[in-house]
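Report on one structure; see the data block that follows.
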Amino acid sequence: MAGKKAKELPYTLPEEFHVFGFSSDLLTWYDSQKRDLPWRINRDPYRVWVSEIMLQQTRVETVKSYYANFMEKFPTVGALAEAPEDEVLKAWEGLGYYSRARNLQAAAREVQARYGGIVPDTPEDIATLKGVGPYTAGAILSIAYEKVEPAVDGNVMRVFSRLLYLTDDIAKPATRIKIEHLVRQVIPRGRAGDFNQALMELGAMVCVPRSPQCLTCPVFDYCMARQEGVQEDLPIKGKAKPPRPVHLQVAVVMRDGQVLINKRPDTGLLAGMWEFPMVETEVERESAKQDVLNNSLRDRFAVEIEVLESLGEVQHTFSHLQWNMQVWSCDWIEGDELPPNARLVAVDELDIYTFPMAHHKIRELMQQKSDRS
DNA sequence: AAGTCGTGGGG
DNA sequence: TCCCCAAGACT
């Protein structure tokens, strides 16, 4: 094995790190200070599963109301498996990362069919479920089934970076692997779920990204970064690229109190969400923009429109894109056969469909316009 | 490995 | 205002 190095060394905890004391002190703090969260009422695997999917890249406060509504509508794996996809998407509207909703339902159907409705309890089986990656697998296995598996999220990487003075870039996948190895050595048998949650709770409440509350930290004594006074400089994380600007022309096409909407493809950005028809443009001339819009609606919906007036501009920023939308009110001139992805819907009934936030902003623009006139 | 995939809160 | 970022997964 030429060039192969011993992999154990970088995954070994420092000799001076007192594992038992750390885990014990952290759990004692967690037992008395943990927040009362809706998904901590019990350890039902399905409840834990839904919460972990919702919490991916999403704040606790934001998730709370969505979680309550979702569990009421889809209280069991079976209920979620049998539900129409549109209802699941509607329950997810506004949460973002909508593929989570589709993957969750697809996985629920898989669990129903393959595992009799019981969420699998082994790393091998649970990892096959759509939307369940390394973190979520460890979270479900430890919290719901008390398996000794790490659940390394952004909180845990920050906590461990400071605790052990790790200078690895936490944006790199290899760093998560390394920290998983380290965490695994520290998980107390019998309290794996609480321990993983305690690490995350510490990251969320005390060992926060900016201005960590070291003076009230239950594991202050174990923290190498604090001893060196560098806790504010950790973790190391590469900077994200700025979002790329995109210029879009949006058509609000009215016909007898109805408006034309379009369902986006089931893959890619905002998959399966409804929208007002829009087309990307590069040109700067106003007339050319309207021509592009006319041509696009003719090609895609076999509809002839007339652009009436500009309703204004709307901006919406995603992680990687910045949509600069120019919104035009349009008249429906002719066309009677819409493609299956398009519909003409009464304005009062738009709420039935699931729209991303970018299009709710357009609806607000329409509302402002009608309020003025 | 690096890009794709949402949204809202807080410093 | 701007920028970071929050219980990540998928390609």
**Ion pair check, A:Glu349 and A:Arg343, cut-off under 4.0 Å** = no

**Of A:Pro173 and A:Thr62, the one whose closest DNA chain B nucleotide lies more 5'** = A:Pro173

**Asked** Is there a donor and acceptor pair closer than 3.5 Å between the side chain of A:Ser319 and the base of B:dG6?
**Response** yes

**Request:** Assign each of A:Val208 and A:Asn103 to its nearest nucleotide of DNA chain C by heavy atoms, then name whichever residue's nucleotide is nearer the 5' end.
**Result:** A:Val208

**Prompt:** Looking across every strand, which nucleic acid part, if any, lies under 4.0 Å from A:Arg264 by heavy atom: base, sugar-phosphate, or nothing?
**Reply:** nothing

**Request:** Measure the distance from NE2 on A:His359 to C1' on B:dG6 and round it to the nearest whole Å.
**Result:** 13 Å

**Asked** Is there side-chain contact between A:Trp332 and A:Asp256, with at least one heavy-atom pair below 4.5 Å?
**Response** no

**Complete:** Closest to the side chain of A:His316, out of C:dA7, B:dG6, B:dT7, is B:dT7

**Asked** Any donor-acceptor pair under 3.5 Å between the side chain of A:Thr58 and the base of B:dG6?
**Response** yes

**Prompt:** What is the distance, rounded to the nearest whole Å, between atom CG of A:Asp266 and atom P of B:dC5?
**Reply:** 13 Å

**Request:** Considering only atom C1', compute the distance from B:dG8 to C:dT1 and round it to an integer number of Å.
**Result:** 16 Å

**Message:** In this structure, how many angstroms lie between the P atom of C:dA7 and the OH atom of A:Tyr66, rounded?
**Reply:** 18 Å

For residues 216-224 of chain A, run the donor-acceptor check on the side chains, cut-off 3.5 Å, and write out each pair with its distance to 0.1 Å, sequence neighbours left out.
| residue | atom | partner | partner atom | Å |
| --- | --- | --- | --- | --- |
| A:Thr216 | OG1 | A:Gln213 | O | 3.2 |
| A:Tyr222 | OH | A:Gly21 | O | 3.1 |
| A:Tyr222 | OH | A:Phe22 | N | 3.4 |
| A:Tyr222 | OH | A:Asp25 | OD2 | 2.7 |

**Fill in**
5'-most contact on DNA chain B (nearest-nucleotide basis), A:Arg244 vs A:Thr317, goes to A:Arg244

**Message:** Over 60° means perpendicular and under 30° means parallel, so tell me whether A:Tyr353 and A:Phe355 are parallel, tilted or perpendicular.
**Reply:** perpendicular

**Asked** Starting at CH2 of A:Trp323 and ending at P of B:dT7, how long is that distance when rounded to a whole Å?
**Response** 9 Å

**Request:** Could you tell me whether the side chain of A:Val50 reaches within less than 4.5 Å of the side chain of A:Trp39, counting heavy atoms only?
**Result:** no

**Request:** Using a heavy-atom cut-off of under 4.0 Å over every strand shown, decide if A:Gly203 touches base, sugar-phosphate, or nothing.
**Result:** nothing

**Item:** Shortest side-chain distance from A:His320, nucleotide among B:dT4, C:dA7, C:dC5
**Value:** B:dT4

**Asked** Could you give the CZ-to-P distance, from A:Phe318 to B:dG3, as a whole number of Å?
**Response** 19 Å

